[in-house]
J.: 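Take a look at the following structure, please.
Order of the sequence lines fixes the chain letters, A, B, ..., with proteins taken first and strands second; residue numbering starts at 1 for each chain. When reading the values below, keep in mind they use all heavy atoms of this one structure, side chains included, and skip hydrogens, waters and symmetry mates.
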Protein chains: 2
Amino acid sequence: MSDTTTEPTPFRHAVLAAVLQVRAGSLRVLLWQRAQEPHRHRWSLPGGELCATEDVEGSIRRQLMEKVDVQQLAHVEQLSVFSAPDRVPGHRVLATGFLGLVPSDNDPAIPSDTAWHPVDALPATAFDHQRIVFDARDRLRAKLSYTNIGFALAPPQFTISALRELYSAALGYRVSATNLQRVLARRGLLEPTGEAARPGRTGGRPAALFRFTEHGMQVTDPFAVLRPPGTRS
Amino acid sequence: MSDTTTEPTPFRHAVLAAVLQVRAGSLRVLLWQRAQEPHRHRWSLPGGELCATEDVEGSIRRQLMEKVDVQQLAHVEQLSVFSAPDRVPGHRVLATGFLGLVPSDNDPAIPSDTAWHPVDALPATAFDHQRIVFDARDRLRAKLSYTNIGFALAPPQFTISALRELYSAALGYRVSATNLQRVLARRGLLEPTGEAARPGRTGGRPAALFRFTEHGMQVTDPFAVLRPPGTRS
DNA sequence: ACATGTTTTCGATTATAAGGCGAAAACCTA
DNA sequence: TAGGTTTTCGCCTTATAATCGAAAACATGT
């Protein structure tokens, strides 16, 4: 519409990321503990306020560099805008939430006020950050099923059972190793490296090592159910 | 992080909606033609600036009431934040983009500067609005395949071939009526009304009328591929 | 060396969902 | 009543996922 309204109101705008990683067998999120009011001692998502010359994705990447080496962020995607008027008491500040993924073999150096918390056992969180974490978790779980986003959780090489552990931890239920392997293989996302892992001290057949194919290293569109005719693969 | 940065910058924040409808056999979007600079005579998405006391979804619904009767909006969902620093020349204004869907039997009264344009043959658009329209179209197409969002495009009752036309127009390719019916029926989204449509003047067997089930009238999660074990339906 | 236990791998089978095709059904008009 | 048109439905094929169990390949202990 033509701007017949009153003078436009400006808003502060924050960017926040739920950075997820599978570690110690569970899906965890990077949080830092507030030392100042409001919500002192509660746990917050990393992020900060948008600057004048950057877009939101550039901003969250810049701000995460203070917490995690950005090289270790295998995937970043926008979740949505959180805009409840009372989401930050006393101020009006919008926030764009992001999902970030770190491969499970990385252990980035993090500040002392920062820790990885299981998403299924969060400590007391600040503002609406719990909601953002849950949105991120739900998005990850949905996409694990119908895209190849799993590559962003996995190390460069892995055994099928290690990959099964990753998927199981992220999804919250056990998946079958056999089935996982074939589903990913059929989509052309998995290839053997030729090498094999050494068996554990308890013995057992040595597991073959796999990696994601080049084609599997970027998030693809969800596969369609109602395809164009004659498009069977 | 603690706010060691400078004074936070405020931003203007707009909400914009790509309202889509299948009409005259093609997927169309509601646009209005600007009468003022900048981008005079180019076509814009409906929307406006966020107000101090509302959230973004409330804001877009309020602002759309000026263009379309909100009763006719069967579905509204957030797309993402558009934040390129130069997206509006001369000002810094963020925008939250939305997808809106109007059932094909509705013909809402719209202002005289407003018209429905085919998304595949857009006129000259203002700012980054073309990108938002394409994002909306892509989101709709993806969700048509793996959710039941189709209900928001359809009238309360419809024949299978009418539904096929809707899906075909929205997806951009012909889908099989037989298959569409069975895919939706298997998911429990379709039920016969018992009535039948009158055949056209060219004859033919009268088509049975269907409607979406109550369960089919809200957007469900995408169906999972890697399900928990023992969850076969 | 050999038996035993453990873990991985892989083939065989079943289950489920989607795509394609054509015959039969149910209407129109002439 | 005959011919044309559209819808409906069953049957078949293909594609993909889930399950199961046997065989392979290793470690350890005797």
Side-chain angles (χ1 to χ4, degrees), chain A residues 144-148 150 157-168 171 173-210 220 222-233, chain B residues 144-148 150 157-168 171 173-210 220 222-233:
Chain A
L144 275 177
S145 186
Y146 61 84
T147 75
N148 60 342
Q157 299 195 123
F158 44 84
T159 66
I160 295 300
S161 45
L163 192 64
R164 188 256 277 263
E165 298 305 325
L166 281 180
Y167 271 76
S168 296
L171 288 170
Y173 52 79
R174 305 289 289 178
V175 297
S176 144
T178 303
N179 199 36
L180 176 65
Q181 177 174 17
R182 263 201 324 255
V183 167
L184 295 180
R186 173 152 30 218
R187 296 182 189 166
L189 306 181
L190 229 46
E191 67 186 5
T193 67
E195 297 175 271
R198 276 198 306 280
R201 58 206 53 78
T202 157
R205 175 172 175 171
L209 287 173
F210 291 82
T220 60
F223 69 99
V225 169
L226 289 165
R227 299 194 195 88
T231 319
R232 293 187 176 174
S233 46
Chain B
L144 275 177
S145 185
Y146 62 84
T147 75
N148 60 342
Q157 298 195 125
F158 46 83
T159 67
I160 295 301
S161 44
L163 192 64
R164 187 257 278 264
E165 298 304 325
L166 282 180
Y167 271 75
S168 297
L171 288 171
Y173 52 79
R174 306 288 290 178
V175 297
S176 144
T178 303
N179 201 35
L180 176 64
Q181 178 174 18
R182 262 198 326 249
V183 167
L184 295 179
R186 174 153 31 218
R187 296 182 189 166
L189 306 180
L190 228 46
E191 66 185 5
T193 68
E195 297 174 271
R198 275 197 307 279
R201 57 207 54 77
T202 157
R205 176 172 172 170
L209 287 173
F210 290 82
T220 58
F223 70 100
V225 168
L226 289 164
R227 299 193 196 88
T231 320
R232 294 187 174 171
S233 45

J.: Could a donor-acceptor pair under 3.5 angstrom be found where the side chain of B:Arg182 meets the base of C:dG20?
T.: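 For B:Arg182, whose side chain was compared with the base of C:dG20, there is a donor-acceptor pair (under 3.5 Å).
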J.: With sequence neighbours left out, write down each residue that passes side-chain hydrogen bond (donor to acceptor under 3.5 Å, both in side chains) with B:Thr159, or none if nothing qualifies.
T.: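 B:Ser161.
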J.: Which heavy atom of B:Gln157 sits nearest a heavy atom of B:Thr193, and at what distance?
T.: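 Shortest heavy-atom contact: OE1-CG2, 3.1 Å.
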J.: Just the rounded figure in Å: distance from C1' of C:dA26 to CD of B:Glu195.
T.: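 Atom CD in B:Glu195 sits about 18 Å away from atom C1' in C:dA26.
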J.: Looking only at the side chain of A:Arg205 (C-beta and beyond, no hydrogens), which of the listed nucleotides D:dT6, C:dT9, C:dA26 gets closest?
T.: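 Looking only at side-chain atoms, A:Arg205 lies closest to C:dT9.
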J.: Grab the CZ-P distance between A:Arg164 and C:dT8 for me, whole Å please.
T.: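 One finds 8 Å between P of C:dT8 and CZ of A:Arg164, rounded.
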J.: Does A:Val175 offer a backbone N or O that forms a donor-acceptor pair with the side chain of A:Arg164 under 3.5 Å?
T.: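 It does hold such a pair.
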J.: Return whichever of B:Thr202 or A:Pro206 has its heavy-atom-nearest nucleotide of DNA chain D closer to the 5' end.
T.: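 Its nucleotide being nearer the 5' end, the pick is B:Thr202.
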J.: So B:Ala208, base contact, sugar-phosphate only, or nothing? Heavy-atom distance under 4.0 Å.
T.: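 Here B:Ala208 touches the backbone only, sparing every base.
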J.: Which residue, A:Ser161 or B:Pro199, contacts DNA chain C at a nucleotide closer to its 5' end, judged by nearest heavy atom?
T.: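 That would be A:Ser161.
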J.: Please pick, from C:dC10, D:dC9, D:dA24, the nucleotide with the shortest atom-to-atom distance to any side-chain atom of B:Thr178.
T.: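 Of all the options, the side chain of B:Thr178 is nearest to D:dC9.
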J.: Does the separation of the ring centres of B:Phe210 and B:Phe158 fall below 6.0 angstrom?
T.: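 Ring centroids of B:Phe210 and B:Phe158 are no less than 6.0 Å from each other.
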J.: Regarding A:Arg186, tell me which of base, sugar-phosphate or nothing describes its non-hydrogen contacts under 4.0 Å with the strands shown.
T.: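 Base, at least one base atom sits under 4.0 Å.
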J.: Measuring from the side chain of B:Arg187 (C-beta onward, heavy atoms only), which nucleotide among C:dT6, D:dT6, C:dA18 has the closest atom?
T.: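 Selected nucleotide (nearest to the side chain): C:dA18.
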J.: If you only use heavy atoms from C-beta on, which nucleotide in C:dC27, C:dT9, D:dT8 is closest to the side chain of B:Ala207?
T.: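 Nearest to the side-chain atoms of B:Ala207, counting from C-beta on, is D:dT8.
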